[in-house]
Amino acid sequence: MNARKPENEGAILIKRDIRPMTTSNSDKILKSLADVVRSKINLSNKKLPIQDKYKKELDLIRSSEYFDPDWYLVTYPDVANEGLDPALHYLLHGGLEGRDPSPHFSSAAYLSRHKSELAGNVNPLVHFMETGGQLPPASEAVEINSTDVEYIRKSKYFDEIWYKNSYGNKIKSSIDAATHYYLYGSSEKLDPSPQFSTESYLDAYETVARSGMNALVHYEKYGKASDLRVEPARDKSASAQVERFYRETRGLQVFEVAHTEPSVNLVTDSISSGSLFGGVGTALIFGALFAQKLNRRLRIVTRHQTPDRVAVRALLKLHGVKTDIDISFVYVPVHDHFAFLSSSISDIYITTSWWTTRSTLYAVNPKNIIYILQEDERMFYSFSMNRLLASEIMKNKNINIVVNSQLMYRHLLRDGVIDEGGNVQYFEPAFPDKLYFFEKKAAGSKLNLGFYARPHNDRNLYIRGLEALDEACASGVIDASQFNVIFFGKDLAPLSLGGKIWPRLVQNVAWQEYGTLVRSFDLCLSLMYTPHPSYPPLDVAASGGVVVTNHFGLKDGPSLARYSANILTSDLDTRSLVEALRRGAELAGHREKRLANYDNNNIERVWHQTLDAVVGKLAQRVQ
């Protein structure tokens with residue numbers, strides 16, 4: 001319904017929101033707040049003569065689903081402070097002042113819509129209850145309350161010049177700044193001045209937000225007298241915006257302590273049993289071996305959560321790395337301005353991402369930083385500021401960069417991100433035969449097909465994998481009588497493939513369980529939209545299974561066959577993937593050929609051996 005044309009064409013109109021009634025936990029919170037209000041004030045229970053006079057009207061208000069006495073007391077603290085009966089106050093004063101009896105009834109909107117029918121001091125809710133007057137729609141226009149605008153204009157928390165400079169492009173020439181804040185500013189959570197945060201006020205006093213009342217008007221009329229809290233607006237200076245953007249890479253705060261034994265510090269986001277697969281685990285192994293080489297303690301520095309000490313020891317032991325080195329743990333929260341890391345001037349810092357590298361660069365000599373680069377981290381982002389920052393760190397020739405895998409090294413070299421030699425080296429990851437080995441199965445047992453499935457990790461191309469598996473199962477390429485299907489990863493939910501197979505879901509497993517799982521796979525589909533070979537295909541191939549994965553740039557059939565003939569590659573269209581699964585299923589069923597390929601694998605098995613040359617060169621460079 002269109003808003004009616006006002007009788008006074010010069011009047012300014014405001015749209016008020018009349019929300020549908022709901023019930024939620026906030027009602028319990030509101031009741032508790034109202035009980036606190038009642039406990040602190042003297043609400044008179046004494047029956048007054050005036051209540052007899054208006055008994056009929058009061059009974060109507062109190063019985064109405066649109067009247068909420070708890071909400072009224074909390075929203076209008078002046079009523080509570082005066083010890084008034086909320087129903088009586090609303091009847092005699094509140095309704096005519098445009099106060100609402102609850103968030104679900106707009107007194108001002110009702111008065112405006114039924115202006116011609118109302119005479120004298122008729123309460124809007126009483127009129128509605130007696131006559132069944134029509135509730136105005138949510139978009140109903142009502143005349144602006146000029147008194148409320150004056151509250152804004154005269155408030156010490158309203159700065160007209162600042163408001164115009166901050167939001168001038170939003171203000172129409174036909175209205176002034178105070179009127180604009182009344183009409184739009186509060187609902188859009190704009191601030192009337194640097195000293196008043198609209199968003200903070202509405203968040204702190206939910207009932208005000210639910211009522212749709214202007215934040216500053218509420219404060220001036222009711223909040224000030226009740227000492228409600230006001231917080232300053234967020235700093236809108238250019239430097240503040242820049243600081244907020246860089247918050248995640250805020251500089252690691254380091255202070256040097258004389259006569260402190262130097263450490264090797266591994267700086268990462270988190271260390272937990274669920275985060276030690278792939279890159280983080282590799283960085284820990286590298287850090288432990290490097291600390292051994294320098295005969296120093298390894299100090300693990302986390303920035304987002306406290307580290308899991310037990311998981312670290314278990315990881316190193318499982319991967320054949322000595323755990324008799326001194327390992328300590330330090331949590332330095334990235335947002336804690338009072339969190340510092342004690343350090344020696346000779347400390348070495350191993351970083352695990354461009355953002356931890358950038359944080360460390362604030363306080364540390366670049367030549368003492370070793371950046372373990374395990375992905376083309378530019379690819380985490382669209383063409384954006386973060387992509388630019390990642391590129392700047394990856395191209396920094398003053399830090400030491402160690403690239404995970406020759407394939408990734410060649411990719412970065414081709415793209416001009418790094419130069420051959422210089423500050424950059426690479427290594428091949430190792431897959432210890434204590435964890436990854438061919439495990440014989442009972443004759444005649446079904447084959448197992450694994451799918452590396454992480455729906456919320458975009459680079460894993462989960463949907464494309466589903467498309468290929470669904471088609472392969474529907475067409476019989478993957479035969480339910482021959483294969484069990486297992487999804488492994490995280491954030492998984494039950495589903496069927498081809499209307500025939502319900503995969504078993506395995507999520508968030510520990511290292512030992514992961515090794516057992518990988519060894520059970522005869523065939524695996526593992527997609528990764530990256531130039532790195534990625535770990536799951538190498539895990540499975542190192543355990544004698546067949547893997548189907550995708551091409552990406554220099555990552556092609558010959559480059560991955562160099563690791564194992566059991567790694568099959570495919571283009572990423574569904575038809576090609578289904579065909580690759582067909583070839584993979586055939587090879588998986590040919591156990592003799594598969595085992596011969598396994599015996600001829602060219603996959604590193606011992607971390608000491610694959611990292612020895614890199615660690616040796618870096619040790620000479622940093623000492």
Side-chain angles (χ1 to χ4, degrees), residues 277-279 281-282 374-375 379 404-405 407-408 429 431 435-436 447-473 477-478 483-492 497 503-509 513-553 555-557 559-574 576-585 587-588 594 597-598 601 603:
F277 295 90
T282 298
Q374 309 193 69
E375 278 286 6
M379 293 172 55
N404 186 331
S405 81
L407 260 178
M408 180 60 68
F431 301 83
L435 189 62
Y436 305 104
L447 302 175
N448 288 330
L449 164 61
F451 173 43
Y452 186 43
R454 301 195 296 174
H456 302 312
N457 292 64
D458 292 342
R459 290 176 300 139
N460 285 128
L461 304 175
Y462 173 75
I463 295 299
R464 180 48 50 91
L466 279 188
E467 291 178 303
L469 284 172
D470 194 50
E471 173 62 27
C473 291
V477 168
I478 301 300
F483 280 94
N484 302 308
V485 180
I486 303 163
F487 283 21
F488 67 109
K490 61 181 181 179
D491 305 319
L492 301 175
L497 294 172
R504 179 163 68 93
L505 308 182
V506 180
Q507 310 191 60
N508 305 316
V509 297
E513 187 181 353
Y514 177 76
T516 302
L517 180 69
V518 165
R519 294 194 300 271
S520 75
F521 293 153
D522 301 281
L523 175 62
C524 179
L525 174 64
S526 178
L527 305 180
M528 186 67 84
Y529 205 49
T530 169
H532 191 276
S534 80
Y535 278 84
L538 295 174
D539 292 338
V540 173
S543 303
V546 178
V547 187
V548 173
T549 190
N550 59 282
H551 300 143
F552 188 102
K555 182 174 72 175
D556 55 13
S559 67
L560 292 181
R562 183 179 64 84
Y563 292 104
S564 174
N566 283 334
I567 301 179
L568 308 180
T569 59
S570 169
D571 289 331
L572 277 168
D573 62 281
T574 304
S576 296
L577 285 170
V578 172
E579 170 57 23
L581 284 169
R582 185 195 63 75
R583 291 187 289 120
L587 179 56
R594 174 157 58 106
N597 291 341
Y598 167 75
N601 278 351
I603 296 175

Interatomic distance, Asp470 atom CG to Ile463 atom CD1 [nearest 0.5 angstrom]: 11.0 Å
Apply side chain to side chain contact (heavy atoms under 4.5 Å, CB included) to Ala541 and list each qualifying residue two or more places apart in sequence or on a separate chain. Ser564, Ile567, Ile603
So do Pro531 and Met379 actually touch side chain to side chain, heavy atoms under 4.5 Å? yes
What's the spacing between Leu461 CG and Leu525 CG if we round to 0.5 Å? 10.0 Å
Identify the heavy atoms of Gly557 and Thr569 that sit nearest to each other, and give their distance. CA-OG1, 3.2 Å
Any side-chain donor-acceptor pair under 3.5 Å between Tyr452 and Arg454? yes
Contact between Ile486 and Pro503 at the side-chain level, heavy atoms closer than 4.5 Å - yes or no? no
Have Asp556 and His551 got a donor and an acceptor in their side chains that come within less than 3.5 Å? no
To check you understand the geometry: which heavy-atom pair defines the closest contact between Ala588 and Arg594, and what is its length? O-NH2, 3.1 Å
Distance only, no hydrogens: is a donor on one side chain within 3.5 Å (strictly under) of an acceptor on the other, for Asn448 and Asp522? no
Contact summary for Ser543 and Tyr598, nearest pair of heavy atoms: C-CE1, 4.0 Å
More than 12 foreign heavy atoms under 6.0 Å from CZ of Arg504: is that the case here? no
Rounded to the nearest 0.5 Å, how far apart are CG of Leu497 and CZ of Phe487? 4.5 Å
Val546 and Val540 have their tightest heavy-atom pair at O-CG1, 4.1 Å
Locate the shortest heavy-atom distance separating Leu577 from Ala468; write the atom from each residue and the value. CB-CB, 3.7 Å
Identified side-chain contact (heavy atoms from CB on, under 4.5 Å) counterpart of Pro533 within the set Thr549, Asn404, Leu560: Leu560
Do Tyr514 and Asp539 have a side chain donor and acceptor closer than 3.5 Å? yes
Do the non-hydrogen side-chain atoms of Leu523 and Leu447 ever get within less than 4.5 Å of each other? no
Nearest 0.5 angstrom please: Leu581 CG to Cys524 SG, how far? 10.0 Å
To the nearest 0.5 Å, atom CG of Asn601 lies from atom OH of Tyr563 at 12.0 Å
Could you work out, with side-chain hydrogen bond (donor to acceptor under 3.5 Å, both in side chains) as the rule, every residue matching Asp458, not counting sequence neighbours? none
Below 4.5 Å, heavy atoms only, C-beta onward: do Glu375 and Met408 meet side chain to side chain? yes
Kindly assign one of parallel, tilted or perpendicular to the pair Phe431 and Tyr436, based on the angle between their ring planes and the thresholds 30° and 60°. perpendicular
Looking at CG of Leu449 and CD1 of Ile478, how far apart are the two atoms once the value is rounded to the nearest 0.5 Å? 5.0 Å
Asp571 side chain reached by Asn550 side chain, heavy atoms, under 4.5 Å: no
Regarding Tyr535 and Ser526, do their side chains bring together a donor and an acceptor under 3.5 Å, going by distance alone? no
Measure across Asn460 and Met528 and return the closest heavy-atom pair with its distance rounded to 0.1 Å. ND2-CE, 3.3 Å
Do Val509 and Phe488 have side chains that get closer than 4.5 Å, going by heavy atoms? no
Just checking Tyr529 against Phe552, ring centres under 6.0 Å apart? yes
Has the side chain of Lys555 got a donor or acceptor atom that lies under 3.5 Å from a matching backbone atom of Leu407? no
Taking atom types as modelled, find out whether Glu471 and Thr574 have a side-chain donor-acceptor pair closer than 3.5 angstrom. no
Could you go step by step and tell me if Val547 and Asn566 meet the side-chain contact (heavy atoms from CB on, under 4.5 Å) rule? CA-CA 6 Å; Val547 187; Asn566 283 334; over 6 Å; no
